[in-house]
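One structure below.
Each chain gets a letter, A, B and so on, in the order the sequences are listed, and its residues count up from 1.
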Amino acid sequence: MSEVSLLKQHQMGVVAQIRRYGLYRWFFKRARGDSPFKRILIHVVLIAACIIAAYPVLRILIISVRPGDQLFTTSLRLWPENATWDAYRRVIFNRDFVLWIWNSLLITTATCFVGVTIASTSAYAFSRWDFPGKVSGLIFLLATQMIPGAMLMVPIYILAANLGLINTWRGLVVAYSVQAVPFSIWILKGYYDTIPFELEQAAMIDGCSRLGSFYRIILPLSVPALAIAFLFNFMQAWNDFLLARIMLQRSHMYTWPLGLQRLQDQFQTLWSEFAAASLMISIPAMILFLASSRYLIGGLTVGSVKQ
Amino acid sequence: MGSLTPRIIGQSIEQVGLTILAVVVIALGLQFLFYAILSKGLNTRHSLPYTLLVPAIIGLSLLVIFPIFYNFFLAFTDMSLRRFGFERGMTMGIAQGLNNFRNVFTAPVLQQQYFFPVLGRTILWTAMQVTVHVSFGMGLAILLNRPMKMRGVYRAIILIPWAIPQIVAVLTWRTEFNAQWGFVNIMLRGIGLEGIPWMTSRFWNFMAFNIVNFWLGIPFMTVILLGGLQSINDTYYESAEIDGASKWQRFTNVTIPMIKPVLTPAVILGVIWTFNNFNIPYFINQRGLETSDILVTALFRAAFEFNRYGFAAALAIVIFAILLGFTVAYMKITGFNPTLKAMNAPVPAGSRRDK
């Protein structure tokens, strides 16, 4: 296929393309000159990978709509007979699910704001000044990422027990606020570095103070990076199990990972409810993740490849 | 709505709100104090940046630095649930510390398992996982890195295991490995094989959580490597082709070197995260089989199930030393320095959900 016809193909709509080239030739557009057999093979492999990736999640949906009398069946049907959304109703109204979600949402959102505030001001210091201890500070922040979480749990637990923070949210709130700070500082510092200092100088000549220029110039320009930092903070606190597990013992204080684990423990009787709860938690998270995946994963590839 | 009553909503907002308020007030107060001391008293040029760093320094001291030092202190005590603090008969000393470290290597870490089998299993688990993640991830990335229909759809579906909250994923897999009702065994029986006792057999339990982590880990590696592949300019391949390089030669002489800046940090972090992975070995081990514990889950159970805090602290230090040794050795061998690179580019992280 010549360059001109490829160009034309791009300008045409999908339907027009298919009509013009026929389904077969359209689908196997010759871009690299591979044989149709090889291309079918590639699609087969990728479709198989997709099935493996998606099937367990699909299973959650199937189980969540099973009616009570078919809960334990060895059928692998893709949609059970007499499917019912009853389990969702029971989870929402009869279990503590909404309470757990509320607890998680409240703690997570509150700690995100604190975490991002701390990180954004610290990153500004790292980005705009050369002070003694800057490099070692940055290396220390990186090194914290290598410490096993479980290693810090014993001291944190004993510290919390001595301060009377077990079975309160106070300790959890403080811990979650700081948890993602090292990584957020890295992201934000990298982003601030790309903002020219002249912008700030101009503002300062017009009478802006140093912190004023941070607030009026840097922060508004850094909204994309702040959003990513917020998302990281949110993810870490939202998905945390370990810290919540050692800090909280009363079920009315549980965050959703603890609650979900409790539902799973009783899956012999509550399987469809466990599945319904899992799905309700996962859908918003999955949409958020897939929508922002390019930015989230970009961190690794952007800076390092183009050096 | 279950037990979410307005009263509980009020109480929870009050508790969280007051804590946040206290954090903000304390942080601001300390910042003013530091600024006053630094700019008036010491008169340094750097008073503002140091002041801005105060909250982060205090927070990280509480959450990271203090626990590390406290961990060393604990390793020299015999703290347990019964001896929780000096007033309850806890003793401390060099002899006690040496005893703890000796116990790590010579006494059972849990009830039966000794340190070295657990270490061996951890290394096996890490090596298997990272190898499979990188090789399968590379394979899928190469397939996805060609012009074709549906590429975006494939990419999105393959990313599902990464996007689903990890706790949901492991709890679901734990259910699906049920010998009778889980789909894994139903499928095995469907093709005429016998069901596998995933939760009771030592070998199969180990395989079970390996399978789960393959499922969770390959998608992320695929997308990272795909990003790396997409940044390689086609002209390199064209000139290699003109020079008569075979497909394999193009892979080893163009793809591998060009993708190395992405691959190396991904491998280092992959090793660290897998080595430290807690959720998967802990949850896919419903019966608490000791033969399925890796170092970090053994550490957690020594501390929070057997309440041997002093011993667990010593074990934690040993684990950290191993990890540090690996990182330094790897950096020496490959000549890779993450701190230099990281000065310019952030490490990956969407990823860091396993803490």
Side-chain angles (χ1 to χ4, degrees), chain A residues 31 42 46 49-50 53-54 57 59-60 72 74 95-96 98-99 102 106 110 114 118 121-122 125 129 131 139 142 144 146 148-152 154-156 169-170 173 175 178 181 183 186-187 190 239 241 257 260 264 267 278 281-282 285-286 289-290 293 296-297 299-301 303-305, chain B residues 1-4 12 15-16 19-20 46 49 52-53 55-56 59 63-64 67 70-71 143 147 154 156-161 163-165 167-168 171-172 175 181 183 186 223-224 227-228 231 261-262 272 276 278 296 299-300 303 309 312-313 316 320 339 342 344-346 348-350 353 355:
Chain A
I42 289 169
L46 286 174
C50 286
V57 182
R59 260 289 277 199
I60 304 179
F72 292 96
T74 53
R95 308 266 158 220
D96 285 344
V98 184
L99 178 69
W102 162 256
L106 179 69
V114 179
I118 294 175
T121 51
S122 307
W129 280 275
F131 51 86
I139 292 176
L142 206 65
T144 58
M146 296 183 186
M151 176 181 175
L152 304 178
V154 182
I156 288 177
W169 283 331
R170 270 173 238 128
V173 167
V178 186
V181 160
F183 184 73
W186 268 110
I187 294 200
N239 290 319
F241 174 83
L260 199 66
Q264 200 277 339
F267 100 96
S278 299
I281 292 165
S282 307
M286 275 162 52
F289 264 73
L290 292 178
S293 66
L296 291 180
I297 300 178
L300 180 72
T301 45
S304 42
V305 176
Chain B
M1 299 290 244
S3 45
L4 185 68
S12 53
Q15 198 185 0
V16 172
T19 315
I20 298 284
H46 304 298
L52 289 175
L53 287 174
L63 201 73
V64 180
Y70 198 74
N71 207 54
L143 292 188
Y154 288 143
I157 295 180
I158 286 176
L159 259 184
I160 284 180
I164 193 169
I167 300 288
V168 172
L171 287 176
T172 301
T175 315
W181 310 115
F183 79 80
I186 296 177
V223 178
I224 288 209
S231 69
V262 177
I272 292 171
N276 283 334
F278 175 81
V296 285
L299 167 65
F300 181 83
Y309 300 114
F320 185 59
T339 52
N344 307 315
R353 303 158 64 199
K355 202 168 175 184

* What part of B:Ala313 gets closer than 4.5 Å to chain A, counting heavy atoms only: side chain, backbone, both or neither? -> neither

* Asked: In terms of heavy-atom proximity below 4.5 Å to chain A, should B:Tyr309 be classed as side chain, backbone, both, or neither?
  -> both

* To do: Please determine, among B:Pro55, B:Ala303, B:Ala56, the option with the most heavy-atom pairs under 4.5 Å with chain A.
  => B:Ala56

* Structure fact -> Those residues at least two apart in sequence (or on a different chain) that pass side-chain contact (heavy atoms from CB on, under 4.5 Å) with B:Ile157 are A:Cys50, A:Ala54, B:Val153, B:Ile160

* Structure fact -> In short, A:Arg59 meets B:Trp181 closest at the heavy-atom pair NH2-O, 3.4 Å

* With a 4.5 angstrom heavy-atom cut-off, could you sort out which part of B:Leu299 is near chain A: side chain, backbone, both or neither? => side chain

* **Heavy-atom pairs under 4.5 Å with chain A, option from B:Leu53, B:Leu171, B:Val64 with the top count** => B:Leu171

* Structure fact -> Nearest heavy-atom contact between B:Gln15 and A:Trp169 is NE2-N, 3.1 Å

* State whether a side-chain donor-acceptor pair under 3.5 Å links B:Ser12 with A:Trp102. => yes

* Structure fact -> In terms of heavy-atom pairs under 4.5 Å with chain B, the winner among A:Val114, A:Ile281, A:Ile60 is A:Ile60

* **Listed partners of B:Leu143 passing side-chain contact (heavy atoms from CB on, under 4.5 Å), at least two apart** => A:Ile42, A:Val45, A:Leu46

